[in-house]
Chemist: 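Questions regarding the structure given below will be posed in turn.
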Amino acid sequence: MTDRRGRATGCARRRRLRGTRFRLMSRLRLRTVLLVVSLFVLVLPVGSIQVLRLYESALLRQTESALITQAAFISASYRAAYGNAAGAIPGSSDTSPQAPRLPELDFVESAVHPPFPSATPGPRADPAAIRAGSDLTPVLKDAQTVALADVRVVDADGTVVATTGADLGMSISQSEETIEALAGAHSSRLRRREVGHEPPPFGRGAAILVFVASPILLNDRLVGAVVLSRAPVNIFDTLYAKRYLLLQAAILILAVVVGIALFTSRTLVMPIQRIARGAERLASGETGEFEAQRPYRVVEIARLSDSVAAMAKNLQQRTVFLRDFAQHVSHEFKTPLTALSGTVEVLRDHFEEMTPRQRKRFLDNAHSDMERLNRLMLRLLELAQADIGTGDEITDVLEVARSLDHATVRAPHDASVRAHIRRESLEAALTNLVNNALEHGASRIDVRAETHADTVQVWVEDDGPGISEGNQGRIFEPFFTTRRDNGGTGLGLSISRSLLRAAGGMIELAPAASGATFKIALAAAEEKSSPDVKRGTEQR
C-alpha cells in the first residue's frame, strides 16, 4: 500500500512538472511579441499586393473598354470608306442611337481560350471592300503606335481587307470572334498568347490577349467586321517602372518598423524588465529601496512602478513593524511571565512555611499576572481581526453612539448619520475611545457626528486631563501606555485606528482647549439634512 501511494505521488509530481514546463514553454517574451507585431506591420505592404489583383481585373476591363471604343471608330470609318467605294448612301439606321456596350471580362469569371487561329488563304474580297481597306490600312498602322492594338478588318466573307499586321488578303473566318461578328453579334474573349511568344515574367495578364469583335453594318446590311486584340495593362510592369520609388518606400517602411521596435523597447520592454527585476528582489526578501527614480514615459508603466514602489515601501514598513511588534510582544509577555515564574518558585519552595495571608498575596499576584496575559491575548486577537478587514456595510453612527455606556450623544434623538463601516467595528472603535477616557479620569464624554459632502466626521470629546504634548505623537503606537502599572496594554487606540483604516476611514487627535478630542472620518453612505448637525439635545 505504501509503495502504491508513493508511485501515485511520484506520478502526480511528474504531471505537475510537465504542466509547469508546458506553461513556461508556451509563454512569450514581450520583446518577442513586439517583434512579431513589427513583422506583421512589415508584411502588410507585401500582403497588399494581393489587393492589387483586384486592380488588375479593373485594368483588364479598362483595356476591353478601350478596344470597344476603337472598334466603334474603326467601324464608322470603314463604313464611310466602303460607302464611298460602293457608291452607297448610308441610311437612317446607321445614325440611330444604340445601347452602350459595357465591358464584361474578368480574370476570375472569364474563361481563357486557346490562341487566336492563324490566318489561312481565302476568297478574294470584293473591289469596294479592297478600296475601303486600302484607304483605312495606313490610318490603322499610324494609330497603332498609340493605341497598341492589333486590328483586322474583314469583309462579309471573313477576308482581311485592312490590318496592322501581315495577313492582308488572308482569311480569319474560322475564328469564333469573326463568326459571331459576321453573324451580327458583338463578342469579347480572353485568349492565350501564341506558342513561342515569351510573355513578361510577372502578372496574370502577361500571358493573355483581349479580343473584341464587332460587326460593320451599312443600311442594315452586313458588309464586314472588325477584330481587335491587345495585351491588358500589366500591373507589375507599372510597378517595375516605379521600382526605385518602391525601393525607397520599402526602405522607409523598414526604417519605420525598426524605429517602432526601438521605441517600444525603450518605452515598454526595458522599463518592464527593470520593474520585474525589482519585483524579483522583493520576492527574494530584499525589502530595500525600490528603483523608481527613473522617469517613465508611459503612464501605465509609471503607475505600475509607483505601485510596486509603494508595495516595497509598505513591505519595508511592515517588516520594521513586525520586528518592533515582536519585540514589544516579547517584552509585554515577558514581564508577567517572569512574575508568574517567580511566584510559582516561591510558592513551591516556601509554601509550607507561609502564612495563609502570604499565600493569598502571592496567589493574588499570580492571578493578576494571568489576567494581564489574558487581556494581552484578547487585544492581540482584536488587532489581528482589525487588520484583516471589515467589509462594506452601512451603519448609523449615532445609533451606535447611543448604545455606548457613559457617553452622551449631542444630536436629536431621531437624527441619523450613515457611514460605510461594519457596526461591530465602529462599536469596538468607539468603545476603546470611551474606555480610554474613563481610565484616564474623564467624567464626561460627548459624541457628535456630521456629514460633509461624502465624508462623515465624528468627534469624541472628554473632560479628562488630556494628553501631554510629548505623548501626542505616540498614542497610536502599539503597546504605548501610561497606565502599565494599572493593567493598561497600550493596544486600545491602535486597534481603533486599524478598525477604522480597514473601513477606509481614519482617526486623529484633534486640538482641544481641555481634555482630549479625537476626530474620526468615514465614507458617507448618503447625504443627510441639517438635523444631523444640530446640537444641544442630550441622549444617554
Chemist: Within this structure, what is the CG-CD distance for the pair Leu404 and Glu427, rounded to the nearest 0.5 Å?
Modeler: 6.5 Å

Chemist: Kindly indicate whether the side chain of Val434, heavy atoms from C-beta on, has any atom under 4.5 Å from the side chain of Asp405.
Modeler: no

Chemist: Any chance you could measure Leu500, atom CG, to Ile520, atom CD1, to the nearest 0.5 Å?
Modeler: 5.0 Å

Chemist: In Å, rounded to the nearest 0.5 Å, how long is the span from CE of Met370 to OG1 of Thr343?
Modeler: 11.5 Å

Chemist: Please find the pair of heavy atoms, one from Val397 and one from Val458, that lie closest to each other, and give the distance.
Modeler: CG1-CG2, 3.6 Å

Chemist: The test is side-chain contact (heavy atoms from CB on, under 4.5 Å); show your working for Thr455 and Gln457 and say whether it passes.
Modeler: CA-CA 6 Å; Thr455 303; Gln457 296 180 356; 4.3 Å; yes

Chemist: Taking all heavy atoms of Asp462 and all of Ala442, pick out the closest pair and write down the distance.
Modeler: CB-CB, 3.8 Å

Chemist: My understanding is that only one of Ile208, Leu190, Leu59 makes a side-chain contact (heavy atoms from CB on, under 4.5 Å) with Pro232; could you say which?
Modeler: Ile208

Chemist: Apply the test side-chain contact (heavy atoms from CB on, under 4.5 Å) to residues Ser110 and Glu64: give CA-CA distance (whole Å), side-chain angles for both, the deciding distance (0.1 Å), then the verdict.
Modeler: CA-CA 13 Å; Ser110 301; Glu64 181 188 3; over 6 Å; no

Chemist: Do you know the tightest heavy-atom contact between Ala525 and Ile394?
Modeler: CB-CG2, 3.6 Å

Chemist: Would Trp459 and Val447 count as a side-chain contact (heavy atoms from CB on, under 4.5 Å) here? Give the steps.
Modeler: CA-CA 6 Å; Trp459 286 269; Val447 179; over 6 Å; no

Chemist: Run the side-chain contact (heavy atoms from CB on, under 4.5 Å) test on Arg61 and Asp106 for me, step by step, so that the C-alpha distance in whole Å, both residues' side-chain angles and the decisive distance to 0.1 Å come before the verdict.
Modeler: CA-CA 7 Å; Arg61 295 197 176 190; Asp106 186 88; 3.9 Å; yes

Chemist: Check whether the side chains of Ser443 and Asp463 place a donor and an acceptor atom closer than 3.5 Å, and report yes or no.
Modeler: yes

Chemist: What distance do His420 atom NE2 and Asp454 atom CG have between them, rounded to the nearest 0.5 Å?
Modeler: 9.5 Å

Chemist: Could you pull out the closest heavy-atom pair between Leu398 and Ala411, with the gap in Å?
Modeler: CD1-CB, 3.8 Å

Chemist: Nearest 0.5 angstrom please: Leu347 CG to Gln358 CD, how far?
Modeler: 10.5 Å

Chemist: Indicate the atoms forming the closest heavy-atom contact of Leu340 with Ala366, along with that distance.
Modeler: CD2-O, 3.4 Å

Chemist: Just how far is it from atom CZ of Arg497 to atom CE of Met506, taken to the nearest 0.5 Å?
Modeler: 10.5 Å

Chemist: Return the minimal non-hydrogen interatomic distance between Arg402 and Pro412, and the atom names on each side.
Modeler: NH2-O, 2.8 Å

